[in-house]
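Encoded as structure tokens, the structure appears first; notes follow it.
Here is how names work: the chains are called A, B, and so on, in the same order as the sequence lines, proteins then strands, and each is numbered from 1.
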Amino acid sequence: MDWEYAPAPESAAIGRIKPRYQMFVDGAFRDGRGSDLVTLNPGTGEQLSTVSTASSEDVDEAVAAARAAYDKYWSKISGAERGKYLFRIARGIAERARELAVVETLDNGKPIKESRDVDIPTASAHFFYHAGWADKLEYAGFGPRPRALGVAGQVIPWNFPLLMAAWKIAPALAAGNTVVIKPAETTPLSILVLAEIIADADLPPGVVNILPGAGDVGSALVNHRGVDKVAFTGSTAVGKAIQSSLAGSGKKVTLELGGKAANIVFDDAPIDQAVEGIVNGIFFNQGQVCCAGSRLLVQESVAEEVVAKLKSRLATLRMGDPMDKNTDIGAINSALQLSRVSALADSGDDEGAERWTAPCAVPDRGFYFPPTVFSNVSPAMRIAREEIFGPVLSVLTFRTPDEAVAKANNTPYGLSAGVWTEKGSRILGMAAALRAGVVWANTFNRFDPAASFGGYKESGFGREGGPAGLGAYLTNAEDGN
Amino acid sequence: MSDRIAVAKTYKLFVGGAFPRSESGRTYQVTTAEGAFLANAAQGSRKDARDAVGAARKAFGSWSNATAYNRGQVIYRIAEMMEARRAQFVELVAESEGIKASKAQVAVDTAIDRIVHFAGWTDKIAAVFGGANPVAGPFFSFSTPEPTGVVAVIAPEEDSLLGLISVVLPAIVSGNAVVVIASQSRPVPAVTFAEVLATSDLPGGVVNIITGSAAEIAPWLASHGDVNALELTGAEPELRTALEQAAAGTVKRVHYSHGTPDFFGDPGTARMRAFLETKTVWHPTGAVSLSGGGSY
């Protein structure tokens with residue numbers, strides 16, 4: 001019997017992709033002085049649109065616009081009024097959710113069911129949550145009269161383009177800051193649709209400014225003397241460079257960087273649920289997630305069973321057209337990222353790990369990497385230590401809980417971890433022992449604006465979401481010496 | 001009788017709960033504010049700093065795992081030990097800083113009261129800066145603050161005792177372990193504070209005090225892979241910038257006062273928060289129906 005799914009493609013027309021997009025500065029869409037960039041549809045490898053980019057003069061103008069907006073308007077109005085603008089933006093995103101999901105999938109390559117069910121609704125929720133904080137900042141735990149910092153310079157990655165924009169813009173505005181933000185070079189479109197929503201919300205000109213461009217624009221922005229606060233999400237290498245370059249500047253900095261999360265499965269875990277969690281942990285968004293569960297630590301006594309069930313589950317995943325509502329695994333974001341993932345996977349072969357590739361057809365165009373599992377991985381191998389940022393899982397084993405903790409923590413990173421066991425005391429004990437900012441127990445990759453997210457150690461500092469996330473955008477002269 | 005010859009003390013480092021000399025064998029002369037000889041202090045080295053980081057890392061495990069109630073009692077005990085040596089500290093602070101005894105008295109009393117203040121924070125931090133997260137789904141989610149790890153501190157140069165306590169206590173209340181470089185020109189109150197720590201119940205290694213030159217020692221701490229955070233309120237601006245740069249090598253958390261700190265004022269919470277990590281934990285809530293299909 002043929003159980004193949006019939007294709008169920010979402011219509012690309014819903015995205016209303018324009019042939020060309022412009023920067024958003026001081027409340028207006030206009031051309032930047034940088035050269036246009038071409039953004040591709042990773043699902044096909046074809047050109048999707050062109051985008052005007054910023055030059056350093058444009059950065060100057062955007063920062064000046066943000067400063068003027070802060071001085072003249074945004075710092076003068078009440079928190080309640082700021083909150084109402086944020087509520088408008090939250091609603092605006094929800095109203096254009098279907099369009100945004102299509103734009104996101106076309107520009108990023110992630111499956112439409114993920115952009116539709118996770119990225120876009122969570123982005124709207126993030127504005128809704130922070131809207132409510134705008135007039136309650138004195139209750140957030142940072143002293144009686146917390147104040148905004150001024151102009152925030154923000155740089156975001158390509159893996160969750162709209163969601164990362166929401167994570168950055170919403171708390172900054174709620175706390176009373178104005179924003180200049182640079183999206184990733186390969187995913188500039190959804191944030192420029194957000195710019196339309198922001199304009200439609202009548203947000204005062206200059207409160208949010210959006211500058212597409214490459215790393216040079218990001219560097220000019222974070223190092224700009226008119227910026228009071230820097231927030232960066234991206235690789236640990238770039239995060240370190242930013243932290244170093246900002247030494248002595250007095251700017252407040254938060255960094256959300258890489259990870260190499262351990263997903264730990266004990267022998268008493270509900271194995272079928274754990275397998276689903278392992279799949280979600282590493283193959284959600286093609287593994288291009290900083291908190292991806294890229295190291296599976298499985299207790300020796302059940303390792304064979306877990307890996308066998310995992311492979312049989314992976315064999316049922318559907319990789320292909322990101323716009324197809326049935327697609328589980330979409331495209332890698334760019335040819336460059338695909339080559340990085342391939343190179344790191346090849347190092348696994350070279351170092352003696354055993355590669356298994358899910359038996360799925362690889363489309364003949366676009367950027368795809370099939371789900372891959374490495375067994376016989378030792379902790380010293382590159383695939384066990386380095387962030388791959390792709391759909392590649394490394395399997396290691398352990399015998400005792402102490403060994404699991406030691407192996408899980410044996411990394412310079414500390415962003416997230418997973419624990420699978422039916423034993424409540426073990427969950428809480430493991431949660432306390434793991435040096436990671438988020439611990440998912442009997443679940444994985446859950447995100448909510450009310451729950452703070454961020455790393456230990458070289459995964460960065462500062463939090464996003466929850467009361468702790470507001471602290472990244474507030475200061476309080478009265479709180480401490 | 002005033003012709004008795006006083007017994008002079010050799011001032012040493014405080015590392016891992018013990019009082020070693022600097023492994024370098026070096027000392028330097030400490031004078032009063034008027035320039036009279038006060039003591040020879042150990043001139044700490046790179047090796048001393050590394051030993052201190054090792055001691056701090058070792059102490060971090062048990063100190064951070066101690067109950068908050070226990071940490072509060074231990075820190076309160078520090079205040080008890082200090083209260084008993086109030087007069088001695090007043091004398092040392094007055095001599096070191098060249099201020100009147102009455103002014104030194106205020107600094108010492110404020111320092112002791114500050115320790116009592118922080119002793120009371122240990123079991124409040126998690127409630128004030130953490131809690132349950134009302135997430136939109138069938139999950140129980142909570143966030144709780146945890147100590148960052150090993151914090152390297154440069155103590156303020158001027159406020160030899162109150163400054164030291166103001167930068168060290170906010171780090172240890174939550175369970176961090178500290179390596180602190182004392183005021184270079186005024187180290188005697190810091191080393192005497194080490195004697196207080198040694199006779200309180202604070203486990204060895206939770207606070208390690210190095211005397212000597214911050215400019216020489218601090219760069220080794222700022223680039224040390226096992227140091228998680230820097231408290232640079234006591235660093236000169238130029239040194240501070242260099243240390244901030246070095247800190248980026250392993251993404252260390254960095255905190256310092258903006259402007260001139262008023263250690264006599266309300267200490268607030270910013271310095272405590274600087275050395276905390278928020279951990280968020282999620283678990284499904286399951287499918288138990290309390291209503292059982294009926295109403296109640």
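The candidate from B:Lys252, B:His258, B:Met272 with the greatest count of non-hydrogen atom pairs under 4.5 Å with chain A is B:Lys252. When each of A:Ala432, A:Pro412, A:Ala125 is checked for heavy-atom pairs under 4.5 Å with chain B, A:Ala432 comes out on top. In terms of heavy-atom pairs under 4.5 Å with chain B, the best-connected choice from A:Gly454, A:Gly471, A:Ser452 is A:Ser452. Comparing B:His283, B:Lys279, B:Glu238, B:Glu244 by heavy-atom pairs within less than 4.5 Å of chain A, the highest count is held by B:Lys279. If you tally non-hydrogen atom pairs under 4.5 Å between each of A:Gly455, A:Ser249, A:Ala468 and chain B, the highest count goes to A:Gly455.
Only the side chain of A:Leu257 comes within contact range of chain B, judged by heavy atoms closer than 4.5 Å. For A:Ala241, no part sits under 4.5 Å from any heavy atom of chain B, backbone or side chain. Interface residue B:Ser143: only side-chain heavy atoms are found under 4.5 Å from chain A. At a 4.5 Å heavy-atom cutoff, B:Thr144 makes no contact with chain A through either its backbone or its side chain. For chain A, no part of B:Pro156 is nearby; none of its heavy atoms comes within less than 4.5 Å. With a threshold of 4.5 angstrom between heavy atoms, A:Ala431 approaches chain B through its backbone and through its side chain.
Annotation: cation-pi pair B:Arg240/B:Tyr256 present, NZ/CZ under 6.0 Å from the ring centroid and within 45° of its normal.
Ring geometry for A:Phe444 versus A:Trp440: interplanar angle of 30 to 60°, hence tilted. The aromatic rings of B:Trp121 and B:His117 stand perpendicular to each other, their planes meeting at an angle above 60°, with 30° marking the opposite boundary.
Sorted by first and then second residue, the pairs that involve residues 422-448 of chain A and meet salt bridge (charged side-chain N to carboxylate O under 4.0 Å, His left out), not counting sequence neighbours, are A:Asp268-A:Arg426, A:Arg435-B:Glu146.
A salt bridge links B:Glu277 with B:Arg253; the closest basic N to acidic carboxylate O contact falls under 4.0 Å.
Nearest heavy atoms, B:Phe60 versus B:Gly149: CE1-CA, 3.5 Å.
Rounding to the nearest 0.5 Å gives a distance of 12.5 Å between CH2 of B:Trp220 and CG of B:Leu243.
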